[in-house]
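Here the structure is a predicted model, which is why all the values come from computation and not from measurement. Every number for a ligand or one of its atoms is a count from 1 in the order of the listing.
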Amino acid sequence: MSLLRHLSQRRQYVCHHCVRRQHTSARAEKPEGPGRGWVIEEGDAAAQKATWAEQAGRIKAGQQKSMLSVLEERGFVKDVAGGRPALDWLLTEKRIAAYVGVDPTAPSLHVGHLLPLMALYWMYLHGYHTVSLLGGGTVQIGDPSGRTTARAPQEYNTKAMNVKIMGKQLRTLWTNVKCLSIKHKYSQSIGGKQATLNNIAWLRSLKAIDLLRTVGSGMRLGSMLARDSVKVRMESSEGMAISEFSYPLFQAYDWWSLYKTWDVQLQIGGSDQYGNICAGMDAVSHMRKLPELQDASSGEEGAQVETYGLTTPLLTTASGEKFGKSAGNAVWLDPDMMSSFDLYQYFLRTADDDVERYLKLFTFIPLKHINLLMGQQRNDESKRLAQHILAKEIVELAHGAEAAKKAETAHKEAFSHGTNTFALGALRSAMSSIKTTESPVTRPEDALLLDYKKAYAASSAVHTVSGTTHEQPKENSGNIVTLPLSLLQPGSFPRILHAAGLASSKSDAHRLIAKRGAYVVVPNSGSKENPTALQWINIESSATADPKYFLLDFDALVLRSGKSKIQICHIVLDDHPDSEATHQRDQSDK
Ligand SMILES: N[C@@H](Cc1ccc(O)cc1)C(=O)O
């Protein structure tokens with residue numbers, strides 16, 4: 001058996017070096033025909049074909065839901081390009097391959113990226129072949145879709161780090177998806193495959209002449225000019241560079257590469273990707289007919305070999321806010337940029353009106369279990385049972401099972417004695433989870449990447465204070481804000497609340513205190529039965545309240561805004577290196 005075949009069969013379990021080697025050799029070998037990316041043993045192929053045909057029979061007889069209906073029921077489908085009935089038919093009849101592309105514009109994915117990826121993961125669990133594509137090539141052009149201004153140019157090193165970190169993250173997500181699928185008992189026998197690729201592999205060697213001759217000749221200017229993202233820019237003083245305008249050509253070329261090598265007939269993307277996806281469909285069908293590319297297509301025509309697009313909806317919360325922003329900042333999936341504790345807390349705060357929708361979108365829990373869970377939830381909404389499960393499943397997907405368990409324990413303990421108390425154990429586990437994420441870094445290269453991620457998260461965490469932007473105080477590892485001891489002065493609670501990110505300005509903090517929406521945990525306030533269940537009290541507006549009185553374990557202040565937004569503050573001496581940024585910022589803020 002050739003090395004290539006051997007590795008392909010075991011794709012799910014080999015390390016990425018081997019997968020890369022396999023891709024390199026796959027590229028080096030002369031293609032035998034379309035779809036040579038997925039290698040399946042002949043015997044397996046016949047058995048799988050029979051299983052697929054049986055399944056199609058059950059779907060047509062109404063005994064099983066079709067793939068598209070599963071995606072629709074869970075809320076993943078906004079638009080289908082190429083026609084819903086045709087795609088429904090194709091997915092039932094044929095084990096096709098699908099892909100989702102992501103450009104590494106930052107060192108981490110954020111929750112907004114999860115929607116198209118979850119749709120892809122569901123297809124994998126249903127036996128389809130799936131590719132998550134990292135746009136190492138396209139990111140250099142910059143997708144103008146859904147934006148009103150051009151992206152700021154990035155340093156070569158920054159780009160390289162983003163590619164590296166995000167590629168690893170995409171592979172981690174796949175590992176966690178596989179673990180979650182075992183936990184939720186999805187059948188492994190149906191035989192879908194998965195790959196993570198980087199489009200630099202083919203875009204690097206693509207010649208300008210070839211791109212324009214093959215893709216460019218099939219794309220019409222009219223439809224490209226009619227796109228909102230182009231129109232808005234043409235009307236603005238900024239205008240648009242030819243490179244950005246040509247972005248859809250590169251995304252279309254990706255699809256062609258994936259179509260001929262990996263048999264990819266479906267592209268899934270966020271709603272802003274509809275235009276790029278349609279352009280790609282046109283380009284692939286144009287290229288299939290080019291005589292010089294004939295050897296890469298089987299010569300077949302018709303619905304069996306057409307391409308289709310699926311876009312996922314733009315998410316907003318029931319109260320109309322844009323989803324995936326926490327206090328104006330992106331909710332990152334990388335644990336170094338947002339800790340498990342914070343990611344859990346973000347989803348724990350989901351409104352009751354949103355939680356069922358999010359359970360369908362962001363977890364692999366079967367619908368009938370979600371229905372049961374929502375029944376339980378309605379009996380006692382104050383327990384936030386559904387929110388806890390949602391938060392845990394998402395942390396498990398993004399950070400793995402162990403991190404999810406820790407975050408769950410910390411948060412459950414925080415409210416284990418009712419909403420009027422805060423458990424000291426929660427504080428300690430939050431603090432210790434921070435320390436464990438910091439310690440394992442040994443290689444200098446990893447330390448560099450870690451510093452970069454933290455700096456990125458801190459610099460992207462901006463909020464507006466009366467028209468100007470201020471940097472957030474330095475955060476240890478996501479959820480714990482470091483503040484200098486000198487900030488704790490009688491009457492300084494408004495400044496602290498602002499510095500802790502619980503109020504957007506000092507006057508906002510004053511308002512919060514006045515409407516009795518700001519709380520602090522009181523040390524040694526546990527009862528005899530529960531000495532570690534500490535009480536929350538309202539922060540009073542009196543000028544004399546001294547925050548130092550509320551220090552827990554000598555170095556932490558635990559604050560809360562409203563019902564559930566908790567912020568743990570690590571208080572350090574002023575000469576501590578971490579306190580510098582905060583201190584300076586605070587001085588300039590006076
Ligand atoms: N353009 C997509 C990412 C992408 C990149 C390459 C592709 O082939 C597909 C999608 C986005 O910005 O979200």
Side-chain angles (χ1 to χ4, degrees), residues 23 37 78-79 81 97-120 123 130-152 154 159 162-163 166-167 169-170 173 195-204 206 211 214-215 219 224 227-230 233 240-241 243-284 287 307-315 324 330 333:
H23 295 157
K78 177 168 187 287
D79 287 310
Y99 98 101
V100 171
V102 191
D103 276 348
T105 50
S108 171
L109 299 167
H110 53 75
V111 286
H113 284 114
L114 273 185
L115 226 59
L117 284 173
M118 282 296 291
L120 188 75
M123 288 191 65
T130 45
V131 175
S132 50
L133 179 72
L134 185 69
T138 37
V139 74
Q140 305 191 34
I141 312 291
D143 188 355
S145 309
R147 299 179 58 93
T148 50
T149 53
R151 291 170 198 276
Q154 283 180 334
K159 282 185 198 154
N162 289 346
V163 167
M166 212 186 255
Q169 188 175 40
L170 284 171
L173 281 167
T196 302
L197 307 175
N198 183 344
N199 61 15
I200 195 74
W202 48 83
L203 293 183
R204 183 190 280 133
L206 175 63
L211 178 75
T214 58
V215 188
M219 278 198 189
M224 284 175 77
R227 291 182 60 181
D228 282 345
S229 52
V230 177
R233 293 278 291 282
M240 188 178 221
S243 55
E244 282 180 277
F245 179 73
S246 318
Y247 184 98
L249 272 78
F250 291 89
Q251 186 162 335
Y253 189 82
D254 279 348
W255 200 348
W256 169 250
S257 306
L258 293 168
Y259 179 83
K260 64 181 203 266
T261 310
W262 300 82
D263 246 343
V264 171
Q265 283 179 264
L266 174 66
Q267 182 174 174
I268 306 174
S271 53
D272 63 348
Q273 291 298 306
Y274 189 77
N276 287 352
I277 292 176
C278 290
M281 287 166 58
D282 290 346
V284 172
M287 289 170 83
T307 49
Y308 296 85
L310 189 154
T311 57
T312 53
L314 189 72
L315 268 198
L333 297 185

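Any N or O atom pair closer than 3.5 Å counts here, and N199 shares no such pair with ligand 1.
Side-chain contact annotation: Q273 with T311, donor-acceptor N/O pair under 3.5 Å absent.
At least one heavy atom of G101 sits less than 4.0 Å from an atom of ligand 1. Not a single heavy atom of W255 sits closer than 4.0 Å to an atom of ligand 1.
The distance from ligand 1 to the heavy atoms of D143 drops below 4.0 Å at these ligand atoms: 1 (N), 2 (C), 11 (C), 12 (O). The contact set between ligand 1 and Y247, taken as ligand atoms under 4.0 Å from a residue heavy atom, comprises 1 (N), 2 (C), 3 (C), 4 (C), 5 (C). Ligand-side atoms of ligand 1 in range of D254: 6 (C), 7 (C), 8 (O), range being under 4.0 angstrom from any heavy atom. With ligand atoms numbered from 1 in the order given, ligand 1 contributes 9 (C) to contacts under 4.0 Å with heavy atoms of Q267.
Partner P104 forms a side-chain contact (heavy atoms from CB on, under 4.5 Å) with one of Q169, M166, K159, Q154 and no other, that one being M166.
Proximity of Y99 to ligand 1, defined as any heavy-atom pair under 4.0 Å, is confined to the side chain (atoms from C-beta onward). Contacts with ligand 1 closer than 4.0 Å are made by no heavy atom of V100, backbone or side chain.
Of all protein heavy atoms, the one lying nearest to atom 13 (O) of ligand 1 is Q273 NE2, 3.3 Å.
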